[in-house]
Amino acid sequence: MLLSHGGEPSPATESVARWTVEQVLSLAPDDASRKAGNKLASAGLWSGTGFDGSGAVWGLCKGSGSKPYQTVVDTTGPAYRCSCPSRKFPCKHALGLLLLRASGDGPVQQGEPADWAAQWLEARRGRVEAKQAKQEAVASGESAPGPADSAAARKRAERRAERVTSGAHELEQRLTDLLRGGLATADRAGYTLWEETAARMVDAQAPGLASRVRELGAIPGSGPGWPVRLLEECGLLHLLDTAWLGREALPDQLAATVRTRVGLPMSAEGPPVRDHWLVLAQYDTPDGRLVTRRIWLYGRESGRTALLLSFGPMGRAPDLALPVDVTIDAELTPYPGGGLRADLGRQFATPGPVPGTPPPGGSTATALAVHAEALRGDPWLDAWPVTLRDVIPVPSGDGWQLADAESESALPLTPAALSRAGLWKLVALSGGGPVTVFGELGHRGFDPFAAWDTGAGRGGGSGGATNGTVRLI
C-alpha cells in the first residue's frame, strides 16, 4: 500500500490528541474496510506499537504470512503506509491500529518510532517540506513560468477552446433534432445514440458536456413523467451550450463557472484563507471510471463553507481523507467561479478533536432562499450545502421530512437519504426534539450528512451542541 496524504502540515512538537473511534471509522473507504478494521483492533494481533508527540502511530500486525505487516500512520496528514498488498487508503491494518490507539493508552504506548517507521516518516515529511518550499517560491514569483512557457500554454488553451466550441455547436444540432422529432419518441433510439454523442464531446475535450449527455441518455423510459424530466435537462444543457458560445459577454465569475461546468481544468488561484476548519462530512461517489471523494469543511472565524475534492480510480479510494469532527488549522485556496471548491494547503497544527460546535444554521425557509441565490450564480447546481437549525425528523407518507420546530414548513429527505442507516441515527439523536443538521439541498430534497443535538427543549439550553458531530453518511 502506498502513501496517502491530505495537505502539508508543519512539523508538530506538541502532544497530539487521540482520535475517537467514530473519527477513525469516518476515514474508512467503505463498509468492508470498516468491519475489517474493527476486527483488527485487538491488542493480541499487534506488537511493537507506539505513538509520539508529532502525530505518528506505528505497529506490527500479525498476518497470514510469516512476517507481520509494518503499519505506520502520520495523523498530521493524515497519511498511511502499510506493507500489505491492499490498494485501499487507509487499509484495514491502518484502521485497526488507529482504533487500537483510540481505545486507550494501554495497548499503544508513547515512545520513539521504530527504525522502519522513522525512515518513512522522515522521507514523507521531507517531501512535504520540499513541496511547501516550491509552492512558496511560486507564490513569491521566484519560479514563475517564462514568456515562452506562458505563450505555449496560451496556445494550447486556445486550441482546446476551439475544439469545445465545435463540440458545443454539434451538441446544439443534436438537441434541435431531438426536439423536432418529439421527446415522446426519444426512448426508441436506445442508449447507443447518446453514448455516441457523449464520445463526440470527449473528442471535443469537453468532459462536462459528455457527462451531461450520458445523464440524458438514462432518462428516456426511466419511469412516469420521463419526457418532462428529459425536457428540463435538455433545457439546462442548451443553457450551458449557449453560455459557452457567448462566454466573452458573461461576468468573470459566471464565465469561470461555465468553464468549470464544460469540463475545462481549473486551478486554485484565489488568496489563501487561514482558519480553524471543522470537518463536517466525507463521502465517496462513483463517477464512471473514477471515485470522487467530497469533504465539507466549515471555518470558525470566517464562517465559510468549503469543499475539498479528491479522485481515485475505480476500486481504489482517493488519497485525501480527513476524519469527521476534527478541526484543522490550515490554509485553503479557493477555485475561481462562484463555487465552494478549494485546495487544502499548509497546515499549521496537527488536526485534533475539539468540542464540537455546529455551523450557525437557519430555518427551512432560509435554506430554500440560500439555495435559490446559489442557483442564480450557477443554474447547473445539483445541490448546495445548508445547515438547518432546530428541525425535527418526522415521517411523511412513504418518506421522511425535516420540520421546523417553530413553524409549519418542512423539507423532504432525498430518496438516497431514506436508504441509509444514517436516517435512523438522526431519528435516535432527535428523540422527537429539535436538532441541527448539515447537508445538501437540491431539487430532490435535503440529504443530511451530519447532525448535532443542541439540547433545545430538553434542558440543554439553546445555541450550542451538547456533544460532537454525529455522522449520517
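Every heavy atom of this structure was used, including side-chain atoms; hydrogens, water molecules and symmetry mates were not. In this chain, residues are counted from 1 in sequence order.
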Does the side chain of [X] come under 3.5 Å of the side chain of [Y] through a donor N or O and an acceptor N or O?
X	Y	answer
Arg389	Ser363	no
Asp404	Ser409	yes
Ser26	Gln23	no
Arg101	Thr49	no

If you compare all heavy atoms of [X] against all heavy atoms of [Y], which two are closest, and at what distance to 0.1 Å?
X	Y	value
Thr76	Arg124	OG1-NH2, 4.2 Å
Thr257	Gly337	OG1-CA, 3.9 Å
Leu99	Ala41	CB-CB, 3.6 Å
Leu95	Ser33	CD1-O, 3.6 Å
Thr469	Ala450	CG2-CB, 3.6 Å
Trp277	Ala306	CZ3-CB, 4.1 Å

Under 3.5 Å donor-acceptor, [X] side chain and [Y] backbone:
X	Y	result
Arg160	Gln205	yes
Gln401	Val394	no
Glu122	Gln119	no
Asp378	Trp380	yes
Ser302	Arg304	yes
Ser83	Thr71	no
Asp343	Ala268	no
Arg293	Leu320	yes
Ser430	Leu426	no
Asp390	Pro434	no

In Å, rounded to the nearest 0.5 Å, how long is the span from [atom1] of [X] to [atom2] of [Y]?
X	Y	atom1	atom2	answer
Asp30	Lys35	CG	NZ	10.0 Å
Leu388	Thr364	CG	OG1	7.0 Å
Thr305	Leu280	OG1	CG	7.0 Å
Leu236	Arg261	CG	CZ	10.5 Å
Leu309	Ile295	CG	CD1	9.0 Å
Tyr80	Lys88	OH	NZ	14.5 Å

Heavy-atom check, side chain of [X] versus side chain of [Y], under 4.5 Å:
X	Y	result
Leu100	Leu40	no
Trp19	Pro78	yes
Phe438	Pro448	no
Tyr298	Pro360	yes
Lys92	Ser86	no
Leu375	Trp384	no
Phe51	Leu97	no
Gln70	Leu60	yes

message = Applying side chain to side chain donor-acceptor pair (under 3.5 Å) to Trp296 and Gln282, what does each step give before you reach the verdict?
response = CA-CA 7 Å; Trp296 285 108; Gln282 173 180 290; over 6 Å; no

request  = Under the salt bridge (Lys or Arg N to Asp or Glu O under 4.0 Å) rule, what do Asp329 and Arg300 come out as? Steps first, then yes or no, please.
outcome  = CA-CA 10 Å; Asp329 180 6; Arg300 283 185 177 178; over 6 Å; no

request  = Measure from the ring center of Trp46 to the ring center of Trp58 and say whether it is less than 6.0 Å.
outcome  = no

message = If you count every heavy atom of other residues, nucleotides or ligands that lies below 6.0 Å from Glu112 atom CD, does the total exceed 12?
response = no

task = Count the heavy atoms belonging to other residues, nucleotides or ligands that lie under 6.0 Å from CD of Glu195, then report whether that count exceeds 12.
result = yes

inquiry  = I'd like to know whether Leu413 forms a side-chain contact (heavy atoms from CB on, under 4.5 Å) with Asp447, so could you lay out the CA-CA distance, the side-chain angles of the two residues, the decisive distance to 0.1 Å, and finally the verdict.
reply    = CA-CA 6 Å; Leu413 296 186; Asp447 199 356; over 6 Å; no

ask   = Charged N to carboxylate O below 4.0 Å: is that the case for Asp74 and Arg81?
value = no

inquiry  = Between the side chains of Arg444 and Asp382, is the shortest nitrogen-to-carboxylate-oxygen separation below 4.0 Å, so that they form an ion pair?
reply    = no

task = Start with the C-alpha gap between Ile473 and Arg420, add the side-chain angles, then the distance that decides, and say whether side-chain contact (heavy atoms from CB on, under 4.5 Å) holds.
result = CA-CA 7 Å; Ile473 188 172; Arg420 292 197 301 262; 3.9 Å; yes

request  = Would you please classify the geometry between the His93 ring and the Tyr69 ring as parallel, tilted or perpendicular, with 30° and 60° separating the classes?
outcome  = tilted

message = Evaluate Thr75 against Leu98 for side-chain contact (heavy atoms from CB on, under 4.5 Å), listing each step before the verdict.
response = CA-CA 9 Å; Thr75 60; Leu98 290 174; 4.3 Å; yes

task = Check whether NZ of the Lys or CZ of the Arg Arg471 lies under 6.0 Å from the centre of the six-membered ring of Phe449 and within 45 degrees of that ring's axis.
result = no

remark   = Partner of Arg294 under side-chain contact (heavy atoms from CB on, under 4.5 Å), picked from Leu308, Leu307, Asp284, is Leu307

request  = Carefully, step by step, assess Val386 and Phe446 under the rule side-chain contact (heavy atoms from CB on, under 4.5 Å).
outcome  = CA-CA 9 Å; Val386 295; Phe446 182 77; 3.5 Å; yes

